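Taking it in order: structure first as structure tokens, then the write-up.
Below, chains carry the letters A, B, ... as their sequence lines are ordered, and counting in each starts from 1. In this text, all values refer to a predicted model and were calculated from it rather than measured experimentally.
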Protein chains: 2
Amino acid sequence: MRNASRKQQEKRERIILSAIAIMNREGFKYTTMEQVASEMRMTKGSLYYYFRNKQDLMFQCHELVLDQAIEDQKEAFKAEGTYGDKLRRMIHCHIDYAVNRKETFNMIIQPEQAFEKGQLPSIVEKRDDYARLFDRVVSEGIGAGEFQNSDVKIIRMILLGAMNWVQTWYRKDGLIGLDELKDLYAEYLLKLLK
Amino acid sequence: MRNASRKQQEKRERIILSAIAIMNREGFKYTTMEQVASEMRMTKGSLYYYFRNKQDLMFQCHELVLDQAIEDQKEAFKAEGTYGDKLRRMIHCHIDYAVNRKETFNMIIQPEQAFEKGQLPSIVEKRDDYARLFDRVVSEGIGAGEFQNSDVKIIRMILLGAMNWVQTWYRKDGLIGLDELKDLYAEYLLKLLK
DNA sequence: GAGGTTTTTTGAACATTGTTCAAATTTTTT
DNA sequence: AAAAAATTTGAACAATGTTCAAAAAACCTC
């Protein structure tokens, strides 16, 4: 029983990983249940044994990537340096996810399009966990006198919006390199707190 | 002939206006061809006489709203004041569109999800027209010595991203009023150029 | 390891929605 | 009024997500 359910959970995870790969290859909109099932050598009907519906599957893909991002951001925060250094690292980290895991990380941006109304609260919650990491570095930085006193929530929204937007226009074969871009973003965005 | 085609154009526009209304009511994803047709008292088959497909219709809805926005932004730019004043007005204007015509203006954000690949270039072009308005105020402001010398494109992307993001979290019944929000955004975003 | 129980998979059917198109209808022109 | 052009219809189709009863496979108990 415990055993069976672990096995089930493992398969669920394998499906999620597979779906993430497909989504990052084909794009969110063009990923079908058929494709996901086929990649797992099963029929699409079986997927509904593991996931209530497509959006549930998508949600779990999103969640997994978001969990990884949260971990990475915690690292970025913990590492030594001023609050400016911490925030700079976090900006780098976020842009990296936004660009390199576009299709899955992406869903943060417009969850209404990716998920059903009933699932929204659950997403928003995890998204908030992520957001709080930025609130923390900003408000601690303000407390330490390193950043200018500001409306933390608004600052956070400006930061996230600016960074998420990158993935709508950045192209790997474009004029500017990703590292250069990250530096510029960090430089400019830190001005918000000066 | 000229007459017929004008009539056709008028009906096309009436369909677009109707579709915009439905989208802003029901949301982008939940607007069907059936609904649009029904609201116009016609069958969905007929819609294909006026639009190649759904995405074509959506594109034209988007285009119309974007055209209006471009006009409004030009006004905001022309009105008197420093470049800071101009940019402040433009920020207010943009946030207004992003929040109040969310569903149609919105599509700017993730065109890949709303449109077909073939239609993208055409969208990007108009989007660029819009973006150039921001480039202009920023670079002229720099030229006039009012703004600090900066990478205009990056600044533009930060501005647009930050502003577009507002519509993902702002709720009319929330804690902060839209006017207050616009002021805060303008205040912080102008710091980017200090 | 046989028999029963639970878990998993299947495959067919269904629902929704976008799309096509030949034919019918309406409108316009001559 | 006849011919031509423009518009609309309605039925069919295609693609996909979803359901579900039945079959198959895996597991468990004695």
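- In terms of phosphate contacts, B/Ser46 brings no side-chain nitrogen or oxygen within less than 4.0 Å of OP1 or OP2 of D/dT7.
- In terms of modelled atom types and a separation under 3.5 Å, the side chain of A/Asp67 and the main chain of A/Leu64 share no donor-acceptor contact.
- Here A/Thr43 reaches the OP1 or OP2 of C/dT10: one of its side-chain N or O atoms lies under 4.0 Å away.
- Side chain of B/Lys11, nearest nucleotide from D/dT8, D/dT18, C/dT10: D/dT8.
- Partners of A/Arg89 according to the side chain to side chain donor-acceptor pair (under 3.5 Å) rule, which considers only residues two or more places apart in sequence or in another chain, do not exist here.
- Ranking C/dT9, C/dT28, D/dT18 by closeness to the B/Lys7 side chain, first place goes to C/dT28.
- Atom-to-atom, CD of A/Gln35 to C1' of D/dG17 comes out at 14 Å; the value is rounded to the nearest Å.
- The nearest whole Å value for the distance from the CZ atom in B/Arg12 to the P atom in D/dT8 is 11 Å.
- If you measure from atom CZ of A/Arg41 to atom C1' of C/dT8, you get 18 Å, rounded to the nearest angstrom.
- One interatomic measurement links the two molecules: CD of A/Glu26 to C1' of D/dT16, which rounds to 15 Å at whole-angstrom precision.
- Rounding to whole angstrom units, CD1 of residue B/Ile15 and C1' of D/dT8 are separated by 12 Å.
- Scored by the salt bridge (Lys or Arg N to Asp or Glu O under 4.0 Å) test, A/Lys153 finds no partners at all (sequence neighbours excluded).
- Atom CZ in B/Arg52 sits roughly 15 Å away from atom P in C/dC21 (whole-Å rounding).
- Summarising the geometry, the separation between CZ on A/Arg6 and C1' on D/dC27 is reported as 15 Å, rounded to the nearest angstrom.
- Residues B/Phe28 and B/His62 keep their aromatic ring centres 6.0 Å or farther apart.
- Not one side-chain nitrogen or oxygen of A/Tyr49 sits closer than 4.0 Å to the OP1 or OP2 atom of C/dT9.
- Separating the CG atom of B/Leu47 from the P atom of D/dT7 is a distance of 14 Å, rounded to the nearest angstrom.
- One finds no side-chain N or O of A/Gln8 lying less than 4.0 angstrom from the OP1 or OP2 phosphate oxygen of C/dT7.
- Each of C/dT27, D/dT9, C/dT9 was ranked by its minimum atom distance to the side chain of B/Met42; first place goes to D/dT9.
- Of the side-chain N and O atoms in A/Tyr50, one or more sit less than 4.0 angstrom from OP1 or OP2 of C/dT9.
- Listed by chain and number, the residues in a side chain to side chain donor-acceptor pair (under 3.5 Å) with B/Asp96 are B/Asn100, B/Lys182 (sequence neighbours excluded).
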Just distance, no hydrogens or angles: give the donor-acceptor pairs under 3.5 Å from side chains in residues 183-194 of chain A, sequence neighbours left out.
| unit_1 | atom_1 | unit_2 | atom_2 | d |
| --- | --- | --- | --- | --- |
| A/Asp183 | OD1 | A/His92 | NE2 | 3.3 |
| A/Tyr188 | OH | B/Asp151 | N | 2.7 |
| A/Lys191 | NZ | B/Gln148 | OE1 | 3.3 |
| A/Lys191 | NZ | B/Leu192 | O | 3.3 |
| A/Lys191 | NZ | B/Lys194 | O | 3.2 |

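- Evaluation of the side chain to side chain donor-acceptor pair (under 3.5 Å) rule for B/Asp129 yields B/Arg132 as partners, not counting sequence neighbours.
- In this structure, the nucleotide among D/dT18, C/dT20, C/dT9 sitting nearest to the side chain of A/Tyr48 is D/dT18.
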So which protein nitrogen or oxygen atoms get under 3.5 Å of nucleotides 12-17 of chain C's nitrogens or oxygens?
none

